[in-house]
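Notes follow the structure.
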Amino acid sequence: MGLCWFLLSFLFHSLYAHNDFFTSIGQMTDLLYTEKDLVTSLKEYIRQEENRLEQVKEWADKLDSLTNTATQDPEGFLGHPVNAFKLMKRLNSEWGDLESLVLKDTTNGFISNLTMQRQFFPTEEDQTGAAKALLRLQDTYQLSANTISNGDLPGVVHKSRMTVADCFELGKIAYSEADYYHTELWMAQALTQLDEGEESTIEKVTVMDYLNYAIYQQGELERALELTKRMLKLDPNHQRANGNLKYFEFQLEKQRKAEAEKKEQEDKKREKKVLDKREAQRKRSKDPLPERKKYEKLCRGEGVKLTPRRQSRLFCRYFDNNRNPRLLLAPVKQEDEWDRPRIVRYHDIISDSEITTVKELAKPRLKRATVHDPNTGKLTTAHYRVSKSAWLSAYEHSTIEKINQRIEDVTDLEMDTAEELQVANYGVGGQYEPHFDFGRKDEPDAFKELGTGNRIATWLFYMSDVSAGGATVFPDVGAAVWPKKGTAVFWYNLFASGEGDYSTRHAACPVLVGNKWGESVVNVTLMYYSLNNKQVWKWKCLANHICNKLFSLVLFSLSNLFLQYRTNGYMNEVKNSDGPVQCPRWNDIFLSSFISCLVSGCLFGQYWMCVCTRSE
């Protein structure tokens, strides 16, 4: 039985071994159960050790009392033959048993369990990834090191405070990346907590050493000199601090002489330098994202460019997609989120039971999300996409088939050429920086590996509420859409001409607090080279719409002429007749009215079909 449990545990954990845990909160939950199992094993070891020590303690107490009595009158004590026998027995046998008890190894169970579990622990890459995620959250949401260290984050349920060692480790990781901006922030926080009296194995001088170097690298000689003097008060023999003291004093004196004539101007420059530390670090690290500031502002809910006039044009409605049979009795709730590009949200579009099924199907398959590399044409992982994803096909489960059918009913786009349902779960500070969902002209083979054409539109489910962060933002137009469980957002990536709509460049903001299942991401695709694709004809309905409209107008005019002819004939008959007047035949009026209504219905129905499939 034990062997079976070991094999099952091994097979279960092997799915997740060394698998970028930090990129998926969903899979990180398994680590909590791993740790809980280790704690249980550790407590069992402690219990066994306590039992063993209790037996040793009882033996020691008993012999302590006995030897105290015996040594007061040794000859009299041993004069009793039973006492003499028991002394021989104790020294020959019982002390040997005690030795075995003391030497008994109770660590086997715990050590073997720990050894087995250790191979499935997060790696150094996971720890570094989680640390970088904290730094990313700090920048994106403009949080101070003290706020994060105290755990004062919005929407937090399980508050957790960082120790000096935690802050020091975060600063060291930033230091290893030559990120002196964040090194300063976190070493300063560690020093503050030490100054406040927090006990730690990390020494103040060690923290100051890192802090001093980070400050110097950012060009603040005066602060570096002050900190060096403070270090020498704690440790006068600190070799590096003594060397730095002379160097900083020399450099500072040199700088002061150069500034003598332009003191006021240089003071302003120095002030600006202090204020722009993060910008300097961004340039130093060669950040490739030009719209970084705009993107981060939108993630914080700032800078949304929607005027009251444009807001007044956004509405909510019940939507049946031109009387789609499946939506007639249960139209969906549609809300306009943005006008240009048009982004709509559908409320209550996926149920809790469907969400649970999708998560259960996806979780065992979650793998690090990839992006298309324009240089190699291959799919690869990237630091700017921190999540895991899985792909689900309609034939695998009836729920996936129902979801696909629902998307088709609402969008009127065929799902035959759509990609599989992609389920994404974001990790610590999970994000996907600004990107396009469609392939640009300079990426002709963008979707060659997927075996699809370009992406017409994107349908994005939200399968969880997020306490803070996690918005979907469009930096070029200033739009921000916030996650809400059970809803979906939809937008077109391409114009009717097939050209890409560059205003749809979007991003998934870092998740500050919570677990974001970027529900299911569906990109409806179009194979332009397939002439038989229904999608092509649906999307090129504009020409058909114009022809049908003209044809409908002709039929409408003919029906009116027919009715007018019959009516005029009847009026002439009344005028020229001397006999009794006969009413016009009702079947003529009904036939003419029916033709008029039918033509009108075709006219408006065709128009709305084109509107819903974006013929503009």
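Computed from a prediction, not measured in an experiment: that's the story for all the values here. Numbers for residues simply follow the sequence, beginning at 1. What you see below is based on every heavy atom in this structure, not just the backbone, and it leaves out hydrogens, waters and symmetry mates.
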Thr307 OG1 to Asp339 CG distance, which is reported to the nearest 0.5 Å: 8.0 Å
Should the pair Arg406-Glu354 be classified as a salt bridge under the 4.0 Å nitrogen-to-oxygen rule? yes
Measure from the side-chain N and O atoms of His435 to the backbone N and O of Glu433, and report whether any donor-acceptor pair falls under 3.5 Å. yes
To the nearest 0.5 angstrom, please state how far the SG atom of Cys509 sits from the OH atom of Tyr426. 10.0 Å
Any side-chain donor paired with an acceptor under 3.5 Å for Gln405 and Asp409? yes
Could you check if a side-chain atom of Val344 sits within less than 4.5 angstrom of a side-chain atom of Phe319, using non-hydrogen atoms only? no
Sub-3.5 Å donor-acceptor pair from the side chain of Arg310 to the main-chain atoms of Pro308, do we have one? no
Less than 6.0 angstrom from the centroid, inside 45 degrees of the normal: does Arg505 satisfy that with respect to the ring of Phe436? yes
Distance col, row Arg455:CZ vs Thr504:OG1, nearest 0.5 angstrom, shows 11.5 Å
Main-chain N/O of Glu125 paired with Thr128 side-chain donor or acceptor, under 3.5 Å: no
Thr487 side chain to Pro483 main-chain N or O, any donor-acceptor pair under 3.5 Å? no
Compare every heavy atom of Asn454 with every heavy atom of Gly439, then report the nearest pair and how far apart it is. N-OD1, 2.8 Å
Take Glu335 and Lys484 through the test salt bridge (Lys or Arg N to Asp or Glu O under 4.0 Å) and record every step on the way to the result. CA-CA 13 Å; Glu335 177 187 1; Lys484 185 179 180 183; over 6 Å; no
Distance check, rounded to the nearest 0.5 Å: Arg340 atom CZ versus Leu306 atom CG? 9.5 Å
Mind checking the CD1-CZ spacing from Ile407 to Phe461? Nearest 0.5 Å is all I need. 4.5 Å
Is there a side-chain contact (heavy atoms from CB on, under 4.5 Å) between Arg342 and Trp491? Walk through the geometry before answering. CA-CA 6 Å; Arg342 186 166 187 251; Trp491 67 84; over 6 Å; no
Sub-4.5 Å side-chain heavy-atom contact between Pro154 and Leu512: yes
Where is the tightest heavy-atom contact between Ala507 and Tyr295, given as atom of each residue plus distance? CB-CE1, 3.6 Å
Are Tyr462 and Tyr346 an aromatic pair by the rule of ring centers under 6.0 Å? no
Nearest heavy-atom contact between Ser312 and Phe315 is O-CZ, 3.4 Å
Quick one: does Lys359's side chain get under 4.5 Å of Asn425's, heavy atoms only? no
Without hydrogens or angle criteria, can the side chains of Thr458 and Asn493 be said to hold a donor-acceptor pair below 3.5 Å? yes
Could you go through the side-chain contact (heavy atoms from CB on, under 4.5 Å) check for Ile148 and Tyr141 one step at a time? CA-CA 11 Å; Ile148 297 176; Tyr141 298 104; over 6 Å; no
Take Val489 and Leu460 through the side-chain contact (heavy atoms from CB on, under 4.5 Å) test and state the conclusion after the steps. CA-CA 5 Å; Val489 292; Leu460 172 61; 3.8 Å; yes
For the CZ atom on Arg313, are there more than 12 heavy atoms of other groups (residues, nucleotides or ligands in this structure) within a distance under 6.0 Å? yes
Could you check whether any side-chain heavy atom of Phe490 comes within less than 4.5 Å of a side-chain heavy atom of Leu413, counting everything from C-beta outward? yes
Is there side-chain contact between Leu494 and Tyr492, with heavy atoms separated by less than 4.5 Å? no
Closest approach of Ala394 to Glu401 (non-hydrogen atoms, all atoms of both residues): O-CB, 3.8 Å
Only one of Val473, Asp437, Val481 clears side chain to side chain contact (heavy atoms under 4.5 Å, CB included) with His506; which? Asp437
State, to 0.1 Å, how close Ser464 and Lys485 come at their nearest heavy-atom pair, and which atoms those are. C-CB, 3.8 Å
Report yes or no: does Asp152 contribute a side-chain atom to a donor-acceptor pair with the main-chain N or O of Thr147 at less than 3.5 Å? no
Count the heavy atoms of every other residue, nucleotide or ligand shown that sit under 6.0 Å from CG of Leu329, and state whether that count exceeds 12. no
Regarding Asp336 and Trp338, do their side chains bring together a donor and an acceptor under 3.5 Å, going by distance alone? no
Closest non-hydrogen atoms of Pro341 and Asp501, given as atom of the first, atom of the second and distance, are CB-OD2, 3.8 Å
Using side-chain heavy atoms (C-beta onward) and a distance below 4.5 Å, is Asp412 in contact with Asn322? no
Gap between atom CD1 of Ile400 and atom CG of Leu361 - 0.5 Å precision: 5.5 Å
Counting only N and O atoms by type, is there a donor-acceptor contact under 3.5 Å from the side chain of Lys516 to the main-chain atoms of Gly470? yes
Any donor-acceptor pair under 3.5 Å from Asn515 side chain to Val466 backbone: no
Arg365 vs Leu392, test: side-chain contact (heavy atoms from CB on, under 4.5 Å). Steps then yes/no. CA-CA 9 Å; Arg365 308 187 205 178; Leu392 304 178; 3.7 Å; yes
Side-chain contact, heavy-atom cut-off 4.5 Å: Asn321 with Val332? no
